[in-house]
Amino acid sequence: DRARDSAAPHPQPVQLTVQPPQSKRTEMPPSPFVGEIISMVPSQEVVTHRHITLSEDLLLHDHTFGGQVSAVDATLEPLPVIPMTMAMEIMAETAALLIPEKRLIGMKGIQTYQWIDLEEEQTILQISARRRAADQPEIEVRVHNLGKTGEENAGKGVLALQGTMV
């Protein structure tokens, strides 16, 4: 074929004179949902607090119940809630603190018990992660909603969801 013969030849690979540096995973990737570490026994258990606020966690403005709440009162807004996928990411990032040398590959037994809403513009979550056994990769995680001030249920909070990270 003439068309095939007249086509430009395939470019030849170019040899690099300098090799790019080899990348090593030496630091943890950013974990925006971890929050403040309250206590930690490396590789065994960790407790964190994550302050969720509408002013910082802007994605929550897109996760609300209700559209326009009132035609007469523009100050009334729909109820923002933490989506399940965000709650699962919070659980995963907290569990990853216990096994920084490994990657999480799944979740199982995820159970939700209560909506996590931001009716008062903010809430505090307490995330507890505990490794089942040193030789097992499974990590049990519980998320308690401590409320706006952290005083909900005498500071123990209300269990919102739990599950196992693997």
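Reckoned from all heavy atoms, side chains included, excluding hydrogens, waters and symmetry mates.
Annotation: E119, atom CD; neighbour count of heavy atoms from other residues, nucleotides and ligands within 6.0 Å does not exceed 12. Annotation for E56: atom CD does not count as buried by contact number, only 12 or fewer foreign heavy atoms lying within 6.0 Å.
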Go through M165 and I110 one step at a time and tell me if the side-chain contact (heavy atoms from CB on, under 4.5 Å) criterion holds.
CA-CA 9 Å; M165 307 296 113; I110 303 295; 3.8 Å; yes

Test R132 against T164 for side-chain contact (heavy atoms from CB on, under 4.5 Å), laying out the working first.
CA-CA 9 Å; R132 288 189 170 178; T164 303; 3.3 Å; yes

Please test I116 against L161 for side-chain contact (heavy atoms from CB on, under 4.5 Å), starting from the C-alpha separation and ending with a verdict.
CA-CA 9 Å; I116 303 174; L161 70 152; 4.0 Å; yes

Please evaluate residues Q162 and V141 with respect to the criterion side-chain contact (heavy atoms from CB on, under 4.5 Å), reporting the C-alpha separation (whole Å), side-chain torsions for both, the decisive distance (0.1 Å), and the verdict.
CA-CA 6 Å; Q162 67 180 0; V141 183; over 6 Å; no

Could you give me the CA-CA distance, side-chain angles and deciding distance for K148 and E121, then say whether salt bridge (Lys or Arg N to Asp or Glu O under 4.0 Å) is met?
CA-CA 8 Å; K148 181 179 180 178; E121 306 262 332; over 6 Å; no

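E93 is listed as a side-chain neighbour of P32, based on a closest heavy-atom distance under 4.5 Å.
Checked by atom type and distance alone, the side chain of H49 never pairs as donor or acceptor with a backbone atom of I37 at under 3.5 Å.
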Determine all donor-acceptor pairs shorter than 3.5 Å in which one atom belongs to a side chain in residues 75-88; sequence neighbours excluded.
residue: T75; atom: OG1; partner: D73; partner atom: OD1; Å: 2.4
residue: T75; atom: OG1; partner: D73; partner atom: OD2; Å: 3.4

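With values rounded to the nearest 0.5 angstrom, F33 atom CZ is found 10.5 Å from T94 atom OG1.
By the rule that hydrophobic residues join a cluster once side-chain heavy atoms approach within less than 4.5 Å of another member, F65 and L118 end up as members of separate clusters. Under the 4.5 Å side-chain heavy-atom criterion for grouping Ile, Leu, Val, Met, Phe, Trp and Tyr, I99 is not connected to V47 through any hydrophobic cluster. Cluster annotation: V143 is connected to L59 through the hydrophobic network of ILVMFWY side chains, with a link wherever side-chain heavy atoms come within less than 4.5 Å. Under the 4.5 Å side-chain heavy-atom criterion for grouping Ile, Leu, Val, Met, Phe, Trp and Tyr, I90 is not connected to V166 through any hydrophobic cluster.
We find that E140 and R131 are not joined by a salt bridge, their nearest charged nitrogen and carboxylate oxygen being 4.0 Å or further apart.
Closest non-hydrogen pair, K156 versus H144, comes out as O-CD2, 3.6 Å. Here the closest heavy-atom approach between residue A95 and residue L104 is recorded as CB-CD1, 4.3 Å. Listed here is the closest heavy atom pair of I127 and R50: CD1-CB, 4.0 Å. Here the closest non-hydrogen pair linking Q126 and S128 is NE2-OG, 3.9 Å. Here the shortest heavy-atom pairing between V41 and L98 reads O-CD2, 4.1 Å. Scanning both residues, T149 and I124, for their nearest heavy atoms gives C-CD1, 3.8 Å.
Counting side-chain heavy-atom gaps under 4.5 Å among Ile, Leu, Val, Met, Phe, Trp and Tyr, the cluster of L159 also holds Y113.
The only option from K108, R130, K102 that meets the salt bridge (Lys or Arg N to Asp or Glu O under 4.0 Å) definition with E138 turns out to be K108.
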